[in-house]
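Following: one structure in structure tokens, then a few remarks.
All heavy atoms count here, side chains included; hydrogens, waters and symmetry mates do not. Just so it is clear: chains get the letters A, B, ... in the order the sequence lines come, proteins before strands, and each one is counted from 1.
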2 protein chains.
Amino acid sequence: MVPRNRVTSVQFRQLALIRVVNCEAGEILVAKKQRQKATLAEVAAMAEVDVSTVSRVLRGQSEQRIRAETRDRILEVANKLNYRANYTARALRMSRTFTLGIVVPQLDNPVFSAAIRGAENVAAQNGYSLLISHRDPGDAGTTIAKLSQMNRVDGLLVASLDADEVLRSDLAEANVPYVLLNRQLPGTALSVVLDSREAARKATEYLISLGHRRIGHLGGRSGGFNAQERLSGYKIALEAANIAFDPSLVTMGDYTFSAGRESVRKLAKTDATAIMAATLVSAAGAMAELRLGGWQLPGEMSVIALHDAPFAEMLFPALSTVMMPTEEMGRVAADLLIKKLSGAEPEPVLALPPGRLIVRDSTVAPRSHARISK
Amino acid sequence: MVPRNRVTSVQFRQLALIRVVNCEAGEILVAKKQRQKATLAEVAAMAEVDVSTVSRVLRGQSEQRIRAETRDRILEVANKLNYRANYTARALRMSRTFTLGIVVPQLDNPVFSAAIRGAENVAAQNGYSLLISHRDPGDAGTTIAKLSQMNRVDGLLVASLDADEVLRSDLAEANVPYVLLNRQLPGTALSVVLDSREAARKATEYLISLGHRRIGHLGGRSGGFNAQERLSGYKIALEAANIAFDPSLVTMGDYTFSAGRESVRKLAKTDATAIMAATLVSAAGAMAELRLGGWQLPGEMSVIALHDAPFAEMLFPALSTVMMPTEEMGRVAADLLIKKLSGAEPEPVLALPPGRLIVRDSTVAPRSHARISK
DNA sequence: TTGAAAGCGGTACCAG
DNA sequence: CTGGTACCGCTTTCAA
């Protein structure tokens, strides 16, 4: 009944034992052995038990069903051999990689790197690792599809700056659970976002409290989810203060430095005395351009931005901001995804409230006599 | 001879065929099937050939040994089923993951994110993917060890800010080939570094060419590899201009904003008219602190930094820099590692020469009468 | 040119 | 409480 060329486990154990014994001949060899990856079978052989027993012991589950003596012996051997389970083999067998993928549009962006940090922590706490992937705007959908189709991840955390349609079709390719990060997609699964609206409201409200009445808004891509939210928060704050909304004070660009520069030129022609910018980088662009135009900052123009990062403090004048819980966003998203992977119910969409207002040097009360625009 | 409970491949093929045929009953099911991960066996069954044949065809090698007709049929089926090889299974079988790990101390650092980008490109070109991992300064060695011991990567790209000893022992845990990034470690394998010395020399030389004679240096951690190199480049430039080296003009800190602030206080008490800073961030700290102290920038103090990133332009005054080929560094390192994995000879250590000098607004000729320090 | 079968290193079910 | 064994999905000899 025993197939040809097939060693029974008893035979194998003996074979392996010989190997092990040989190794023990010299300590050097043993040391070398520790460097190598020991397999379950080797541990089993050396402990003189079956692989299945070793597996049970090492996985720690159903511990009560194993004689303490046996367990200790196995543990000792495993330790001596510096045994580590082979990740690949386990993943294949269990059809689970215990890896979460996180796809971000850029790495050197405090928002995403903070989110990654948060996600990584939660992942680690739950025995998952995080496969970071940054998706250049060019490679349409490949990243998302690749990660999931190659069975490399159990689930995906997706941050995207793409248009709804593009993102939707990318996501369709993924055949793993996912949760969206910093972004909503109508009619789609879970997503964790920051409450940009409230943040924008808060920032605008602060400018109003300083006495500003003509407040410009440097927005993001007009189609974008967060851009809409921020604009809406801006309007809410104006309304609450009985200030009429003036479309000419709003400019939408993308979130880059140069877009900030360009956009602010339009605002510079108005009688605005303050600007609420969507991001640190666009605020930086705005301030740079204004300075170039000879404006006194913050005297002639107050600037506040959403999100906070060390970068805000490095600008001149140091930028006032409304903090955003970006790391928390990563944590929450990872938590949601892991719950989902454990078969839990899809929970409702969350919007994390903004953090504190950080007043630095870029915001002051308006001058009594507004400067004549240049 | 056939083991019990074992389906021969013929039997299995039939079983699978039944499944496939059933699926084809409705297009909806076929569509659904495409979403799922099809296995080799399923493709084989549907194409009515053996899995090994499918494998051969799909891997594209030894193509000539397969009848065109067969190959076409297989390709068609694979395509219809949207077949993707299971990464895990392949990795297990081949004992290779075709994944490179890259370990960096921080993600939101233009130096490392550029290196990652470069490494990723080269990796992709060679059929590898990149597993990005950031190692918090706290978790001693675990990251490096984990990645390799879990058999998740074939090789490692390691950027580290740790002390030699720490790094050395971490590396000892890794049982995969690795190459060091942005850092050398005496007596250790391959590493790819930037020529910081030459960059520092170039930056200093530029300040000298503007007429500065009393030039301060804002250095990095005094033990660090790059810090030494930069200091040395600074000295070389001075010497070439017959300017005596004055230790009181050199301050070593770490690379943070606040370290930049602190360090510059010492320099502010000297008669220095210019500063060569190790990094953008420390330069930013220095400028912030000087401004706070009432200095006119750049009039009373010129500042230049090593490395270039969008960030430099956002500062005020916009920072002059010497570009560093950080993305190239990632590319070269990945290339080296891949060569090593293919069994090639360990090539010599490289130092990539700095890029262009970018003159922005932070560097001007010294005033004829140096300001009395405050 | 194609098929059969032996694993890679685990996990988990089923016996005993 | 422990052993035996059938896979997970793929690659790679070895035969036919």
**Asked** For B/Ser113, what residues pass the side-chain contact (heavy atoms from CB on, under 4.5 Å) criterion, not counting sequence neighbours?
**Response** A/Leu107, A/Asp108, B/Arg117

Between atom [atom1] in [X] and atom [atom2] in [N], what is the gap in whole Å?
X: A/Arg152; N: D/dG9; atom1: CZ; atom2: P; value: 18 Å
X: B/Arg84; N: D/dC8; atom1: CZ; atom2: P; value: 22 Å
X: A/Asp72; N: D/dT2; atom1: CG; atom2: P; value: 11 Å
X: A/Asp50; N: D/dT2; atom1: CG; atom2: P; value: 11 Å
X: B/Arg67; N: C/dT2; atom1: CZ; atom2: C1'; value: 9 Å
X: B/Leu40; N: C/dA4; atom1: CG; atom2: C1'; value: 15 Å
X: B/Leu58; N: D/dT12; atom1: CG; atom2: C1'; value: 15 Å
X: B/Glu42; N: D/dG9; atom1: CD; atom2: C1'; value: 11 Å

**With sequence neighbours excluded, residues passing ring pair (Phe, Tyr, Trp, His ring centres under 6.0 Å) with B/Tyr178** = none

**Request:** Return the set of residues passing ring pair (Phe, Tyr, Trp, His ring centres under 6.0 Å) with B/Tyr128 (not counting sequence neighbours), or none when no residue passes.
**Result:** B/Phe98

**Message:** Tell me every residue that passes side-chain hydrogen bond (donor to acceptor under 3.5 Å, both in side chains) with A/Thr70, counting only those two or more places apart in sequence or in another chain.
**Reply:** none

**Message:** Could you work out, with side-chain hydrogen bond (donor to acceptor under 3.5 Å, both in side chains) as the rule, every residue matching B/Thr88, not counting sequence neighbours?
**Reply:** none

So, using salt bridge (charged side-chain N to carboxylate O under 4.0 Å, His left out) as the criterion, who are the partners of [X] when residues are at least two apart?
X: B/Lys339; value: B/Asp335
X: A/Arg93; value: none
X: B/Arg84; value: none
X: B/Arg152; value: none

**Asked** Quick one: are B/Leu337 and B/Leu156 in side-chain contact, heavy atoms under 4.5 Å?
**Response** no

Report the nucleotide, chosen from [options], that has the shortest atom-to-atom distance to any side-chain atom of [X].
X: A/Val51; options: C/dT1, D/dT5, D/dG9; answer: D/dT5
X: B/Thr53; options: C/dT2, D/dG9, D/dT2; answer: C/dT2
X: A/Ser55; options: C/dT11, C/dA5, C/dT1; answer: C/dT11

**Message:** If the helix axis at each end comes from five base pairs, how far does the helix from C/dT1-D/dA16 to C/dG16-D/dC1 deviate from straight, to 10°?
**Reply:** 40°

Mind listing the N/O atom pairs, protein and nucleotides 13-16 of chain C, below 3.5 Å?
none

**Request:** Residues of residues 90-99 of chain B with any non-hydrogen atom less than 4.0 angstrom from an atom of DNA chain D: list those, numerically ordered, please.
**Result:** B/Arg90, B/Arg93, B/Met94

**Asked** Going by an N to O cut-off under 4.0 Å, is there a salt bridge joining B/Arg331 and B/Glu327?
**Response** yes

**Request:** Salt-bridge test for B/Arg73 and B/Glu69: reply yes if a basic N is under 4.0 Å from a carboxylate O, no otherwise.
**Result:** no

**Message:** Side-chain N or O of B/Arg59 versus OP1/OP2 of D/dT12: is the shortest distance under 4.0 Å?
**Reply:** yes

**Complete:** DNA chain C nearest-nucleotide lookup for A/Thr88 and B/Ala68: closer to the 5′ end is B/Ala68

